[in-house]
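Numbering starts at 1 and runs along the sequence shown.
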Amino acid sequence: MINKLTSIVIAIIGIAILYMGGQLLLIGGTPFYAIMAIGLLITAIFLFKNKRVALTIYAVLMWIVLAWMIYEVGFDKWQWIPRGDLIGVIGVWLAMPWVVRPLYKTEKRKFHPFLGGTVIIIVAVVIGLMFYDPLPQKGDITTQRNATDTEVAQNDWTAYGGTTNGLRFSGLKQITKDNVNNLEVAWTYHTGDVRDADKDATEYTFEATPLKVNDTVYLCTPHNEVHALNPETGELKWKYQPEKDRSYLQQHQTCRGVSYYQAPAAAPSAEANSQPALQSPALCRKRIFNASTDAKLIALDADSGKLCADFGNNGVVDLRANMGTIRPHALMQTAAPLVAGNLVIVGGSVMDNGYNAGNPSGVIRAYDATTGRLVWNFDPANPDKTQPIAADQSYPQDTPVAWGTLSADVKNGLVYVPFGNASPDELGIERNPESNTEKFRDTLVALDLNTGTFKWRFQSSKHDLWDRDNPSQPSLLDIDYQGSKQPVVILPTKTGNLFVLNRLTGQAVYPINQVDVSTEGGVKGEKFSATQPVSKLNFIPDPLSEKSMWGLTPFDQMACRIDFKSLRYDGNPWTPATEQGSIIFPGNIGVFNWGSVAIDPERQILIASPVRLAYKYNLIKRTPETADKRLFTKDGTPYWNENFEGDYAIHIQQLASGLGIPCIAPPWGRMVGVDLTTGKTEWLRRVGNTKNLKTTFLPGRFPIGFPMGMVAHGGPLVTAGDVVFHGATADNFFRAYDINSGEMLWQTELPAGGQATPSTYLGADNQQYVVIAAGGHGSLGTTAGDAVVAFRLKK
């Protein structure tokens with residue numbers, strides 16, 4: 001009886017695989033699943049007839065499947081899962097005594113030699129593969145630590161990236177790779193600012209990097225509260241709480257950091273064509289600046305948290321000024337303002353793909369840090385007009401925005417602006433290729449710090465149709481590349497390029513090639529650039545193939561394979577979006593995002609955590625009747641990238657199976673170590689595990705931490721102790737690595753997702769602290785919370 005039931009189950013599985021495998025075969029996919037299904041059906045028929053040959057047939061099928069797995073993916077255990085898990089489980093069941101015994105009618109046999117031996121061998125191979133990983137690239141960086149002219153963070157962490165250089169490096173070395181495993185929690189602070197699921201945006205994220213300056217830790221929350229803490233205890237000193245503007249329509253509810261300014265004791269004299277003198281005396285000489293999601297620049301007294309009444313209008317500059325008509329939630333600030341010299345400089349963020357036209361300007365504005373007076377503005381539509389705009393005028397709309405964090409070379413008087421795209425991000429039908437707007441799209445721009453005067457530009461992506469913003473803060477340092485010392489700026493991009501440019505001239509230091517890309521297809525009227533730039537230093541993921549598709553079972557892998565064969569994909573990151581659907585790899589989350597990279601300028605080592613995720617882009621033709629109407633998916637979910645009053649709405653979704661698992665095989669997150677003196681990647685490893693993963697097939701979170709390599713949203717921190725600190729991964733863990741080899745040295749589980757960049761400082765107790773925000777990320781689905789956790793060595 002048990003064999004008949006088993007045969008029926010195997011037959012049902014075989015028919016299901018044959019159905020999906022046949023669909024795959026008909027669209028040009030692999031025939032193997034159909035072959036597998038036939039083997040299962042033959043096994044089921046003979047087993048139903050109580051013929052022991054069924055076990056021999058199945059053993060042959062197992063060997064064929066094993067050979068096919070090795071042919072397709074080698075010995076990558078994670079890629080064996082969807083190809084062999086079901087076949088393996090059935091094989092183990094068929095080899096059990098209660099199945100074998102009834103097939104030997106006159107013999108008391110409990111073991112089938114061929115099938116039993118096959119199962120034993122394959123189980124042994126799988127156990128062996130648990131200790132083998134073909135991905136990691138082992139290496140050892142041996143560059144020596146040398147003095148540098150580059151300013152680095154020391155006892156304090158005074159700016160978002162440590163300093164205005166944006167290196168995310170600290171010269172502290174109390175915590176080293178030899179003692180980091182002795183870290184313990186020094187204190188935990190809860191902000192109390194948590195998401196209201198009925199009112200707040202889905203994209204609710206606690207991404208703040210805390211500052212430590214003025215003997216205080218400063219941080220902001222998603223609702224732009226500012227909290228000031230005791231660095232050694234985490235005790236609250238003061239808190240600024242603006243009125244919460246809760247709305248599910250807010251596209252990004254986040255604050256990545258605040259900025260600090262301390263006025264000099266005496267104001268400098270004003271000179272022609274230089275930044276104006278400070279208005280003295282200031283009401284609060286030490287200030288915290290916060291740029292809010294409702295487009296305000298706020299100045300707070302660093303000692304008390306009270307508004308600085310002499311800045312703007314009682315401590316607030318309205319960033320909606322001179323912007324014309326602004327739709328609700330269309331203009332926001334998510335990055336920390338840049339404080340350089342006596343200026344506070346801001347870019348801005350707009351609603352992606354909300355409206356086809358009438359989107360706020362991407363103007364860069366510099367304000368006097370004491371008075372809040374506008375000193376200069378750089379408008380991509382009018383790059384030569386940097387004098388402050390007249391009160392009764394408005395900046396031209398629909399220009400590229402710089403929503404990431406800016407950097408400054410104060411010594412050379414330059415500010416670096418990583419401009420991104422302009423909304424709508426995936427459509428270029430109405431763009432004028434000769435306009436200034438197009439020339440500054442996805443462009444790193446160097447401006448004179450004092451006047452905003454244009455110095456040079458470099459375009460990282462041409463005619464961007466994929467949302468390839470420059471999201472990362474540029475990093476500034478001097479490197480000895482191939483024996484020649486040069487001042488450089490390093491720009492990470494969503495495509496995966498790391499452009500290394502002379503920061504004074506904009507000329508390439510690492511070679512850049514112009515590669516041919518797709519120029520046909522897409523939608524009617526669309527234009528394409530024939531080439532795209534590719535840096536010698538890049539982490540552009542290898543092209544996908546049908547064999548790259550993944551899943552947890554043969555069924556979701558076949559569904560992913562069918563998707564892959566059905567959608568347009570040209571084998572490169574610049575596949576045009578279509579109405580029928582296209583695979584964009586990497587997708588709009590990018591290889592690099594706002595977390596940027598971390599660089600040790602003394603040893604010239606770059607640490608990065610590149611991401612691998614593919615997305616589906618569908619362009620949906622709008623009609624006059626649907627021009628201003630919301631569009632919904634079949635399950636009633638709004639598209640969000642609706643591009644009202646445009647030619648097309650854009651539906652963007654991750655290329656994932658019905659179980660919510662990425663269709664591409666892991667790793668989805670990696671970490672790399674690069675020797676900048678040679679440009680060589682010296683080591684590469686997976687980061688993150690599956691514990692706490694939110695799935696559609698489990699009521700809770702995945703309980704086991706398989707080290708597949710998870711998406712990391714947030715940046716690394718490196719120190720002179722040769723340690724890399726990294727949270728960011730979608731598993732709630734905070735980890736430390738050896739900068740030389742990438743070896744993981746220490747890890748601890750945070751109370752929530754650590755999608756943030758950590759910082760480090762020296763406390764008044766002469767202890768080095770490492771601090772990270774742990775509040776989760778709404779879109780990634782990590783555990784939500786409101787914690788800030790500080791670590792130090794055990795006393």
Side-chain angles (χ1 to χ4, degrees), residues 156-160 162 185-196 200 204-246 253-262 284 286-294 296-308 311 315-316 333-337 339 405 714 727 734 750-761 763-764 769-777 784-792:
D156 285 349
W157 193 268
T158 61
Y160 174 76
V185 174
W187 52 261
T188 300
Y189 173 76
H190 292 278
T191 67
D193 186 10
V194 295
R195 178 174 181 260
D196 184 329
D200 282 320
Y204 185 93
T205 58
F206 191 16
E207 298 172 342
T209 296
L211 301 188
K212 189 271 183 176
V213 64
N214 190 37
D215 194 30
T216 305
V217 168
Y218 300 99
L219 59 99
C220 57
T221 71
H223 284 112
N224 293 108
E225 295 181 5
V226 179
H227 295 236
L229 311 177
N230 181 295
E232 295 77 47
T233 66
E235 181 183 359
L236 180 67
K237 289 187 173 183
W238 57 257
K239 177 167 58 175
Y240 169 76
Q241 289 181 287
E243 183 179 349
K244 288 183 173 63
D245 181 20
R246 296 185 186 271
Q253 189 70 57
T254 192
C255 176
R256 297 194 181 99
V258 295
S259 300
Y260 178 78
Y261 171 76
Q262 181 171 324
C284 34
K286 301 174 182 179
R287 302 181 174 210
I288 292 296
F289 287 104
N290 184 28
S292 67
T293 52
D294 59 352
K296 295 174 183 175
L297 179 60
I298 301 164
L300 303 172
D301 185 286
D303 292 326
S304 67
K306 295 180 179 179
L307 290 163
C308 297
F311 181 83
V316 178
Q333 296 284 331
T334 56
V339 170
T405 304
F734 187 39
L750 297 168
Q755 280 66 60
T757 304
S759 58
T760 186
Y761 58 86
Y769 292 76
V770 181
V771 61
I772 186 169
H777 191 289
D786 66 339
V788 183
V789 186
F791 300 87
R792 69 182 172 211

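Separating the NZ atom in K212 from the OH atom in Y769 is a distance of 10.0 Å, to the nearest 0.5 Å. The OG atom of S259 lies 14.0 Å from the CZ atom of R287; values are rounded to the nearest 0.5 Å. The CH2 atom of W238 sits 7.5 Å away from the OG atom of S304 when rounded to the nearest 0.5 Å.
Counting heavy atoms from C-beta on, the side chains of H223 and D200 come closer than 4.5 Å. Inter-residue side-chain proximity for Y204 and D193 is flagged as met; some heavy-atom pair is nearer than 4.5 Å. Here the side chains of L300 and L307 are in contact, with some heavy-atom distance below 4.5 Å. Within the 4.5 Å cutoff, the side chain of Y260 has heavy atoms near those of the I288 side chain. At a threshold of 4.5 Å between non-hydrogen side-chain atoms, the residues P231 and D215 count as touching. In this structure the side chain of V788 never reaches within 4.5 angstrom of the side chain of V217, judged on heavy atoms. Put simply, the side chain of F734 does not reach to within 4.5 Å of the side chain of V789, judged on heavy atoms. Side-chain contact between H227 and Y189: present, with at least one pair of heavy atoms (C-beta onward) separated by less than 4.5 Å.
The heavy-atom pair separating I772 from A756 by the smallest distance is CD1-O, 4.1 Å. The two residues A774 and A752 come nearest to each other via the heavy atoms O-CB, 3.5 Å. Pairing each heavy atom of V770 with each of P758, the nearest pair is CG1-CB, 4.4 Å. Closest non-hydrogen pair, C284 versus D301, comes out as CB-OD2, 2.8 Å. Nearest approach of H777 to T205, heavy atoms of both residues: CD2-CG2, 3.2 Å. Closest approach of A299 to F289, counting heavy atoms only: CB-CE2, 3.6 Å.
Under the 3.5 Å distance criterion, the side-chain polar atoms of D786 are matched with a main-chain donor or acceptor of G192. No donor-acceptor pair closer than 3.5 Å links the side chain of S759 to the backbone N or O of T209. Looking at E225, its side chain never comes within 3.5 Å of a backbone N or O of K239 through a donor-acceptor pair.
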### Task
Let me see the working for Y218 and V213 under side chain to side chain contact (heavy atoms under 4.5 Å, CB included), right down to the final yes or no.
CA-CA 8 Å; Y218 300 99; V213 64; 3.9 Å; yes
### Task
Would you check, one step at a time, whether the test side chain to side chain contact (heavy atoms under 4.5 Å, CB included) holds for K237 with T216?
CA-CA 8 Å; K237 289 187 173 183; T216 305; 2.9 Å; yes
### Task
Give the intermediate values and the outcome of side chain to side chain contact (heavy atoms under 4.5 Å, CB included) for residues L236 and L229.
CA-CA 5 Å; L236 180 67; L229 311 177; 3.9 Å; yes
### Task
Step by step, work out the side chain to side chain contact (heavy atoms under 4.5 Å, CB included) result for E235 and W187.
CA-CA 9 Å; E235 181 183 359; W187 52 261; over 6 Å; no
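Side chain to side chain, D156 and T158 fail the donor-acceptor criterion of an N or O pair below 3.5 Å. Between T293 and N224, the side chains place a donor N or O and an acceptor N or O closer than 3.5 Å (distance only, hydrogens not considered).
Exactly one residue among Q333, E207, Q755 makes a side-chain hydrogen bond (donor to acceptor under 3.5 Å, both in side chains) with T254. That residue is E207.
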